[in-house]
**Q** 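My questions all concern the structure below.
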Amino acid sequence: MDYKVILPDASEKYFDQPVTGLELAQSISSQFAKSAVGLRYTDSQEILDLRTQIPNETQTHIVTLKDESSREVIRHSAAHILAQAVQSLWPKTQVTIGPVIEDGFFYDFDSEHVFVPEDLPVIEKKMKEIIKKNFEITKKVLPRDEAIKLFKDMGETYKIELIEAIDESESVSVYSQDGWLDLCRGPHLQKTGQVKAFKLTSISGCYWRGDENNKALQRIYGTAFESKEALAEHLHLLEEAKKRDHRKLGKELNLFHFHPLSPGAPFFSPKGATVYRRLQNYIRDKYKKYNYDEVITPQIFDVDLYHQSGHYENYRENMYFTETESRSFSVKPMNCPGHCLWYGSDKRSYRDLPIRIADFGRLHRCERSGTMHGLTRVRSFCQDDAHIFCTQDQLMSEIGEFMTMLNEIYTELGMSDYKIYLSTRPEKRMGADETWDQSEQALESALKSLNLEYTVNEGDGAFYGPKLDIMFVDALKRPWQLGTLQCDFNLPKAFELEYVGMDNTNHRPVMLHRAVLGSLERFIGVYLEHTAGRLPLWLSPNAVKILPVSDRHIEFSQTIFKVLEEAKIDVSLDDRSEKLGYKIRQAQLEQIPYMMIVGDEEVGGTEVSVRHRSGATQKMIMKAFLELLDLEKSQRRLQSTLQLD
RNA sequence: GCCCAUAUGGCUCAGGGGUAGAGCACACCCUUGGUAAGGGUGAGGUCGUGAGUUCAAGUCUCACUAUGGGCUCCA
C-alpha cells in the first residue's frame, strides 16, 4: 500500500513520489506532524535527505537527525564539499572516490600538488565558504552514455572508469552543488549549510582501487557531525583514546621499548617480562586442562624445510636467511613445519590421536618497513601456538574444544567482546570440494553449537583451508586479529604425515593451527589498551607497594614487607624520604593495584590502611588483606572488592 | 615497499644560521610530612646518522635510518 504524504508548505515537492508502507508514513507523521492532517514541515534543518533511496532499502527513505544514518549523509556531503574545495584550489586535480568510513570520511585525489598538513586549514576555509553559501544539492539521473560524455568533457577519467563498472541496467546519478558535480549514488543533504561541524584530520597516500600496482593517489581524511558539540565530543574521545595507546603506556609503565638497531623487535624490561611470563604460564595452565603437550623446537632450519612446506615459494620475502659453512638456513617464521617434522619422527597410531602440541617458540618475520606498529605488528614475536593432529572424525570436537577454551580465556581476561570471522574457501585453493565442505561445516556447526555469533568472510580463507579469526579493536578502533583457528590439509600432505588406522592401513591426519592470544606481543598491546594500563592484580608486576608515612615507620614497613613477600605477593617498599602524597602519586601513575600506608596508626598494630588504585581506602586487619589478595590472584578477578565506583 | 609528517638530555616538549632551554625523572642537602606533586642545590644533551651549502648549521639542502598517521601487505 502506498501513502501519499502531503506537506502543507513548499517542501511538498520532495514528496512527489508515494511512500511505501504504513509504518514509514506513520514514522513521518510522528516525526513531523503537528496536526493530524497531513504533515507539517516544522524544522527544515532536521530533514537531511528526502529524495534518494539508501542502498539495500526498498522504500523511499526520509533521513532526519534522529536516524542513525544521518551522520553518514552529513559526512558523504562533507566529502563532496571537500572535493569541490580541493578542485577550486587546485583545478588540475582529478577526483576519484570519497566514501564515508567509521567516524568520518575521506576523498582520494590525483593531483600534481603534493598535499601537506599546512594545506588542511586552507581547504577547511574554502569548505566553510561553500557551507556558508548554503548551496542547494541536487540530484540528476543520467543515461550512461551521457554521464560518460559529461565526465569525459570534464577530464575526469577515474569517474569514467567507475561508470563503466556500474551495471548496465542501473541508472547513473550525479549530485551537484554550486555548479560542481560528482558521480554519486547518494544520499546527500539538501543544502551544503546542513554540514554544521567538520574537521579535516589527516593526509596519506593510497592507491587507485587499493592496488599498489596502480597509480598512487593522495587521500584527505576528515570527519563531520550534526553539531559543534558532537564534533568536540568526538575529538575529545580521540584524545582520551590516545592516552591509552599501548606504546605510550609501555613507556610510562616501563614495560617495553624499541631500539632503532632492531626495528620491530621489542625489549621487554623486567616488569614487561613479568607480565609476558605470567600470560604464558596462564596459558600453560590451560594447556594442562585441555590436554596439550608443550614442545621446544629449533629456531633455525635448513632452507630445504621451507621448500618442502611451500613457505619458501610463498613466504620467502618475509623470511630471514643466514648462511653457514655454505649451507643455507632460515630463522623460523612459524612453528608448523617444525611440528610436522616432529610428528613425522615417530610412527603414529590412531590411538595416539588427537595429538596437541604447543610451542612458545620465538618467530621472526621480516615485515615490510612501514607496516610495523608498536607491539601489535612486530618482526620478532612468540605465539601461544599449538597444532592439533587429528582424524577427520575428530575435527568437529577439536574445534568445539578450542572455541570453549578460547571463550573461557577471553571471559577470564574480561575481553569477551571479540568478533569471530569465518573465512571460507578462496578461488585459488587446493583439495577436494568435499573436504572443504566438511571443514567449513565443522567450523560453522561448532560456532552454532556454542551459540557464538560470527560473520562469514566469503572466499577469504587460506589456500589450504578455511579459518576462524578472532578480532579485537585497539583504543582507536583499529582491528587486530588475535586468536585464530585454521584447518590445514596441505602440510600433512607436503610432509607425508600418516597414522596407522584401525584397518591397519595408513591415513593422513588433519592439522589444525590454533592460537588463543595470537602473539603474546600483540595481545599485550591490545590488552593494555583495553585495560588502559590497569592490569588485573595477577598480571601486575607489582601488586602491593608499601608507603611509610615518614622515616620512623620504615622499620615496621620492612616487617610487613617480609610478611607479604613470604605470602608470595609482589610487593615493593617506597622508603624514600618523601611526603606521603608524593609517594601515592607515584604509585598511582605506576598503576599499582594496592598501596599500604604505614604510619603511627599502624605501627605495632594488626590493622593496615589499604588504598586501591581506584582511590578507595579501607582499614583492614592484615590477615583479611592477605585473603583478599589471594582471592583476587587465584580467581584472576578483574575488579577489586575495594573498587567502590 | 608507497605517500605525508616527525627525530633536541632518561621522559614530555620549547627554541632556532653564530657553538643549546624548561618541566618531570635523577644526585645531594633541608624538611619527617597521613591518602595524587614541600623547598634548595647540582649533574646531565652538540640537537637521529652521513654528506652538502655557508666565514659560520641543531637551525638551510640532499641521502639514509627510525618513529608516527594512512595505503598495500599480514600462513
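When reading the values below, keep in mind they use all heavy atoms of this one structure, side chains included, and skip hydrogens, waters and symmetry mates. Naming: A, B, ... by sequence-line order, numbering from 1 per chain. The structure displayed is predicted, hence computed values, not measured ones.
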**Q** Strictly by Watson-Crick or wobble contacts shorter than 3.5 Å, is anything paired with B:A36, and which nucleotide is it?
**A**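 Across any shown strand, B:A36 pairs with none.
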**Q** Tell me which nucleotide among B:C71, B:A5, B:G33 gets nearest to the side chain of A:Tyr207.
**A**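 Given the options B:C71, B:A5, B:G33, the side chain of A:Tyr207 is closest to B:C71.
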**Q** Nearest to the side chain of A:Leu580, heavy atoms from C-beta on, is which of B:A75, B:G34, B:C71?
**A**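 Given the options B:A75, B:G34, B:C71, the side chain of A:Leu580 is closest to B:G34.
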**Q** Would you mind reading off the distance between A:Asp574 atom CG and B:A25 atom P, rounded to a whole angstrom?
**A** 12 Å
**Q** Taking CZ from A:Phe109 and P from B:C71, how many angstroms apart are they, rounded to a whole number?
**A**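 Checked: the CZ to P distance equals 17 Å.
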**Q** Show the nearest heavy-atom pair for residues A:Pro509 and A:Tyr343, with the distance to one decimal.
**A**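 Reported closest heavy-atom pair: CG-OH, 3.7 Å.
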**Q** Which nucleotide in the set B:A37, B:U72, B:G70 lies at the smallest distance from any side-chain heavy atom of A:Ser204?
**A**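 Closest nucleotide to the A:Ser204 side chain: B:G70.
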**Q** Should B:G21 form a Watson-Crick or G-U wobble pair with both distances under 3.5 Å, which nucleotide is its partner?
**A**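 Base-paired to B:C13.
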**Q** Quick check on RNA chain B: between A:Gly374 and A:His553, whose nearest nucleotide comes earlier from the 5' end?
**A**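 Result of the comparison: A:His553.
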**Q** Check the distance between B:C2's C1' and A:Arg209's CZ and give it to me in whole angstrom.
**A** 20 Å
**Q** Write down the distance separating the C1' atoms in B:U53 and B:A63, rounded off to the nearest Å.
**A**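 So the two C1' atoms sit 15 Å from each other.
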**Q** In whole angstroms, how far is the P atom of B:C3 from the CZ atom of A:Phe115?
**A**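 In whole Å, B:C3 P and A:Phe115 CZ are 16 Å from each other.
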**Q** What does A:Tyr221 touch in the nucleic acid at a heavy-atom separation under 4.0 angstrom: a base, only the sugar-phosphate, or nothing?
**A** sugar-phosphate
**Q** Is it the case that over 12 heavy atoms from other parts of the model lie below 6.0 angstrom from the CD atom of A:Glu496?
**A** no
**Q** Please name the pair of heavy atoms, one in A:Gly461 and one in A:Ser423, separated by the smallest distance, quoted to 0.1 Å.
**A** N-CB, 3.5 Å
**Q** Please give the distance between the C1' atoms of B:C26 and B:G15 as a whole number of Å.
**A**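 Looking at atom C1' only, B:C26 and B:G15 are 24 Å apart.
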**Q** If I pick the C1' atom on B:A14 and the same atom on B:A51, what distance separates them, to the nearest angstrom?
**A**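 The same atom, C1', in both gives a distance of 29 Å.
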**Q** Less than 4.0 Å between a side-chain N and a carboxylate O, is that true for A:Arg552 and A:Asp600?
**A** yes
**Q** Out of B:U67, B:U72, B:A5, which has the shortest distance to the side chain of A:Met372?
**A**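 The answer is B:U67.
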**Q** Please state how far atom OH in A:Tyr582 lies from atom C1' in B:G39, giving the value in whole angstrom units.
**A** 13 Å
**Q** Name the nucleic acid region contacted by A:Gly615, choosing base, sugar-phosphate or nothing; use a 4.0 angstrom heavy-atom cut-off, strictly under.
**A** nothing
**Q** Distance check, P atoms only: B:U46 and B:C11, in whole angstrom units.
**A** 14 Å
**Q** Between A:Tyr315 and A:Gly599, just flag the one whose closest nucleotide in RNA chain B comes earlier from the 5' side.
**A**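 In this pair, the answer is A:Gly599.
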**Q** Of the candidate nucleotides B:G33, B:A36, B:A75, which contains the atom at the shortest distance from the side chain of A:His311?
**A**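 The nucleotide sitting nearest to the side chain is B:A75.
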**Q** A:Arg478 versus A:Val473: any side-chain heavy-atom pair under 4.5 Å?
**A**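 No, side chains not in contact.
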**Q** Is the number of heavy atoms from other residues, nucleotides or ligands under 6.0 Å of A:Lys619 NZ greater than 12?
**A** yes
**Q** If you measure from the P atom in B:U12 to the same atom in B:G50, how many Å do you get, rounded?
**A**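 Nearest-Å result for B:U12 against B:G50 at atom P: 23 Å.
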**Q** Measure from the side chain of A:Gln586, starting at C-beta and using heavy atoms only, and say which of B:A25, B:C2, B:G34 lies closest.
**A** B:A25
**Q** Indicate, with a heavy-atom threshold strictly under 4.0 Å, whether A:Arg219 touches base, sugar-phosphate, or nothing.
**A** sugar-phosphate
**Q** Remember a base hit wins even if backbone is also touched, and classify A:Val116 as base, sugar-phosphate or nothing at under 4.0 Å, heavy atoms.
**A** sugar-phosphate
**Q** With a 3.5 angstrom cut-off on both distances, give the Watson-Crick or G-U wobble partner of B:U65, or none if there isn't one.
**A** B:A7
**Q** Under 4.0 angstrom, heavy atoms only, what part of the nucleic acid is A:Asn318 near: base, sugar-phosphate, or nothing?
**A** nothing
**Q** Which part of the nucleic acid does A:Lys583 contact within heavy-atom distance under 4.0 Å: base, sugar-phosphate only, or nothing?
**A** nothing
**Q** Need one value for A:Ser609: base, sugar-phosphate or nothing, where a base atom within 4.0 Å counts as base even if backbone is also close, heavy atoms only.
**A** base
**Q** How is A:Gln481 classified with respect to the nucleic acid when contacts are heavy atoms under 4.0 Å: base, sugar-phosphate, or nothing?
**A** nothing
**Q** Any strand is fair game: report the nucleotide pairing with B:A56 by Watson-Crick or G-U wobble, both distances under 3.5 Å, or none.
**A**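 B:A56 is unpaired by these criteria.
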**Q** The criterion is salt bridge (charged side-chain N to carboxylate O under 4.0 Å, His left out); which residues satisfy it with A:Glu607, sequence neighbours excluded?
**A**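 Partners of A:Glu607 by the salt bridge (charged side-chain N to carboxylate O under 4.0 Å, His left out) criterion come out as none, since no residue qualifies.
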**Q** Taking only the side-chain heavy atoms of A:Cys206 (C-beta and beyond), determine which of B:U31, B:C71, B:A75 contains the nearest atom.
**A** B:C71
**Q** From CD of A:Gln588 over to P of B:A37, roughly how many Å is that when rounded to an integer?
**A** 11 Å
**Q** As a test of reading the structure: which of B:U72, B:A75, B:A36 is closest to the side chain of A:Ile584, going by heavy atoms?
**A** B:A36
**Q** P atom, B:U6 versus B:C60: distance in rounded Å?
**A** 10 Å
**Q** Within the 4.0 Å heavy-atom criterion, would you say A:Arg377 contacts the bases, only the backbone, or no part of the nucleic acid?
**A**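 If one applies the 4.0 Å heavy-atom cut-off, A:Arg377 turns out to touch a base.
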**Q** Using the P atoms only, state how far B:C74 lies from B:A5, rounded to an integer number of Å.
**A**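 Rounded to whole Å, the distance is 28 Å.
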**Q** With rounding to the closest Å, how many angstrom separate the C1' atoms on B:G10 and B:A43?
**A** 13 Å
**Q** Record whether the side chain of A:Arg585 comes under 3.5 Å of the base of B:U35 through a donor-acceptor pair of N or O atoms.
**A**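 Check fails, no donor-acceptor contact within cut-off.
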**Q** Among B:A75, B:A36, B:G34, which nucleotide sits nearest the side chain of A:Ile597?
**A**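 For A:Ile597, the side-chain atoms sit closest to B:G34.
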**Q** Syn or anti for B:G40? Use the chi torsion, O4'-C1'-N9-C4 for purines and O4'-C1'-N1-C2 for pyrimidines, with syn inside 90° of 0.
**A**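 Anti, since the glycosidic angle lies more than 90° from 0.
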**Q** Tell me what A:Asp488 touches on the nucleic acid: a base, only sugar-phosphate, or nothing, going by heavy atoms under 4.0 Å.
**A** nothing
**Q** More than 12 foreign heavy atoms under 6.0 Å from CD of A:Glu313: is that the case here?
**A**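 Counting other residues, nucleotides and ligands, CD of A:Glu313 exceeds 12 neighbours.
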**Q** Grab the CG-P distance between A:Leu261 and B:C64 for me, whole Å please.
**A**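 Whole-Å distance recorded here is 18 Å.
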**Q** Any side-chain N or O of A:Arg365 below 4.0 angstrom from OP1/OP2 of B:A75?
**A**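 Negative; the distance criterion is not met.
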**Q** B:C26, B:U32, B:U72: which one has an atom nearest the side-chain heavy atoms of A:Arg576?
**A** B:C26
**Q** Of A:Gln383, A:Gln486, A:His387, which meets side-chain hydrogen bond (donor to acceptor under 3.5 Å, both in side chains) against A:His513?
**A**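 For A:His513, the side-chain hydrogen bond (donor to acceptor under 3.5 Å, both in side chains) test succeeds with only one of A:Gln383, A:Gln486, A:His387, which is A:His387.
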**Q** In whole angstroms, how far is the C1' atom of B:A25 from the CD atom of A:Glu590?
**A**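 Computing the A:Glu590:CD to B:A25:C1' distance gives 12 Å.
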**Q** For a quick check of understanding: with a heavy-atom distance under 4.0 Å over all strands, which category does A:Gly264 fall into, base, sugar-phosphate or nothing?
**A** sugar-phosphate
**Q** When all nucleic acid strands are considered with a 4.0 Å heavy-atom cut-off, which category describes A:Gly581: base, sugar-phosphate, or nothing?
**A**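 Sugar-phosphate, no base atom in range.
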**Q** Is the ring centre of A:Phe105 less than 6.0 Å from the ring centre of A:Tyr221?
**A**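 Judged by ring-centre distance (under 6.0 Å), A:Phe105 and A:Tyr221 do not meet the cut-off.
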**Q** Go ahead and name the base partner of B:C26; Watson-Crick or wobble counts if both distances stay under 3.5 Å, otherwise write none.
**A** B:G42
